[in-house]
Number of protein chains: 2
Amino acid sequence: MKDLTGLQGHYLVVEYLGTPYSGWQRQVGKTTVQEEIEKALRKIWGEPISAQASGRTDTGVHARGQSVSFVARKLHDAKVLQRALNANLPFTIRIKKARLVPAEFHARFDAMGKTYRYELLNAPVADVFRLDQCWHLPRPLNVAAMRRAARLLVGKRDFASFTSNPGYERETTERTVRKLTISTRGPMIYFTITADGFLYRMVRNIVGGLVKVGQGKITVEDFKAARDACNRSVAPASAPACGLFLMKVYYEKIK
Amino acid sequence: MKDLTGLQGHYLVVEYLGTPYSGWQRQVGKTTVQEEIEKALRKIWGEPISAQASGRTDTGVHARGQSVSFVARKLHDAKVLQRALNANLPFTIRIKKARLVPAEFHARFDAMGKTYRYELLNAPVADVFRLDQCWHLPRPLNVAAMRRAARLLVGKRDFASFTSNPGYERETTERTVRKLTISTRGPMIYFTITADGFLYRMVRNIVGGLVKVGQGKITVEDFKAARDACNRSVAPASAPACGLFLMKVYYEKIK
């Protein structure tokens with residue numbers, strides 16, 4: 001265990017446009033959100049600081065409320081830190097909130113749950129103001145049928161059919177989906193999913209399956225059978241990354 | 001007068017993201033919306049076709065409802081034409097509507113009025129999903145004061161104080177503002193202006209002035225005096241292009 005004596009914990013809520021980034025996680029030769037944030041931290045502290053997120057996001061996936069933690073000597077109050085970071089980050093990454101927290105706080109290990117939202121534009125013509133910020137499907141989807149299928153996923157279940165790489169998960173593929181709603185506003189369809197945790201690609205795989213139901217390509221019963229198979233290879237294809245937004249990460253003591 | 005015998009008039013409602021374009025109008029060595037549309041028309045008809053818009057938009061200005069007219073041999077019905085154009089245009093330009101109209105119809109000369117909307121984000125931190133699609137001002141604006149100033153512009157008036165280049169206008173600087181509303185939704189402030197016509201930079205100059213009132217840098221009385229001076233040099237600076245959207249152009253016989 002790292003010695004945290006004299007170090008201050010820091011918690012950030014971060015918004016980013018996923019389009020220009022190869023996801024959250026640092027990778028040699030690629031531009032990632034983690035790299036940009038760590039570069040800004042290094043400028044402010046003058047020494048390398050490692051930042052942890054609540055979880056990775058894939059290339060092209062957006063965040064309205066990713067949470068990030070790091071430990072470092074206390075230099076600033078949280079407001080000053082927020083401004084300093086925003087002044088040193090690219091415009092496509094913004095710190096929405098900064099808080100000082102105990103040094104033991106960890107954005108990933110302490111996360112109790114998350115909410116993702118998947119945004120789909122269901123209209124004949126695409127929206128030039130949301131390019132790469134939604135999935136555009138021109139033909140009308142059956143929202144009522146998608147809602148019936150969505151209800152089949154709520155609760156504690158094995159989501160093995162909805163993870164693209166089950167081997168990547170070290171432990172169980174069981175997760176608890178607390179809420180899964182499908183709402184509409186004008187031509188937009190929003191899939192909002194809250195769970196205690198998410199498997200790799202789980203939201204995009206769920207949305208990919210629900211959309212097949214909405215298109216009438218599979219029935220609600222087919223969807224249920226795919227869920228029960230606990231096998232990714234029988235489930236429908238994934239939805240594209242550009243429609244996915246990490247909205248919020250929940251912690252016991254931080255709001 | 002051009003001989004229109006045997007030619008079909010075409011009317012388009014066009015949405016575009018202004019960011020990648022040097023405005024509407026064709027210019028040597030620059031990428032413009034007119035050029036892209038005329039390129040797509042040429043691909044479809046196999047011959048050069050000139051397209052007219054209701055008016056130019058400046059570099060970086062967006063359109064949700066620019067109107068465009070052209071005359072050409074009748075090749076397609078309007079639905080097929082819309083799809084063909086969208087298939088040949090960059091993703092940042094979309095045809096929202098296409099109609100066959102009399103060959104005499106002209107998007108600029110027949111326009112009876114227009115609505116523009118200026119979108120301003122008034123929040124401490126910028127929005128990564130609306131970069132180049134709004135004006136971000138972090139300090140709170142006084143909306144009530146801006147509304148008082150806005151009321152001073154409604155009606156038939158000389159708007160010489162609000163055009164950046166009055167010499168460019170061949171005729172009068174008098175226009176009739178039918179409606180000017182300031183509405184808010186969350187941290188967004190929307191300035192919506194409908195007039196029978198607009199002088200060059202008129203909306204951005206009006207919004208620039210209203211914002212000065214909202215910031216408390218000038219009073220409503222100062223704003224009135226600037227209006228009455230009928231002289232651009234005494235009026236406040238222009239608002240940036242990125243917040244401006246051409247929403248709708250009105251015609252007598254087309255909805």
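All heavy atoms count here, side chains included; hydrogens, waters and symmetry mates do not. Numbers restart at 1 for each chain; the letters A, B, ... are given by sequence-line order, proteins then strands.
Contact residues of residues 43-55 of chain A toward chain B are absent (heavy-atom distance under 4.5 Å). Taking 4.5 Å as the heavy-atom cut-off, the residues of residues 109-132 of chain B that approach chain A are B:Val125, B:Ala126, B:Asp127, B:Val128, B:Phe129, B:Leu131, ordered by number.
Both the backbone and the side chain of B:Glu15 come within contact range of chain A, with heavy atoms under 4.5 Å apart. Residue contact with chain A, scored on non-hydrogen atoms closer than 4.5 Å, involves the backbone of B:Tyr16 exclusively.
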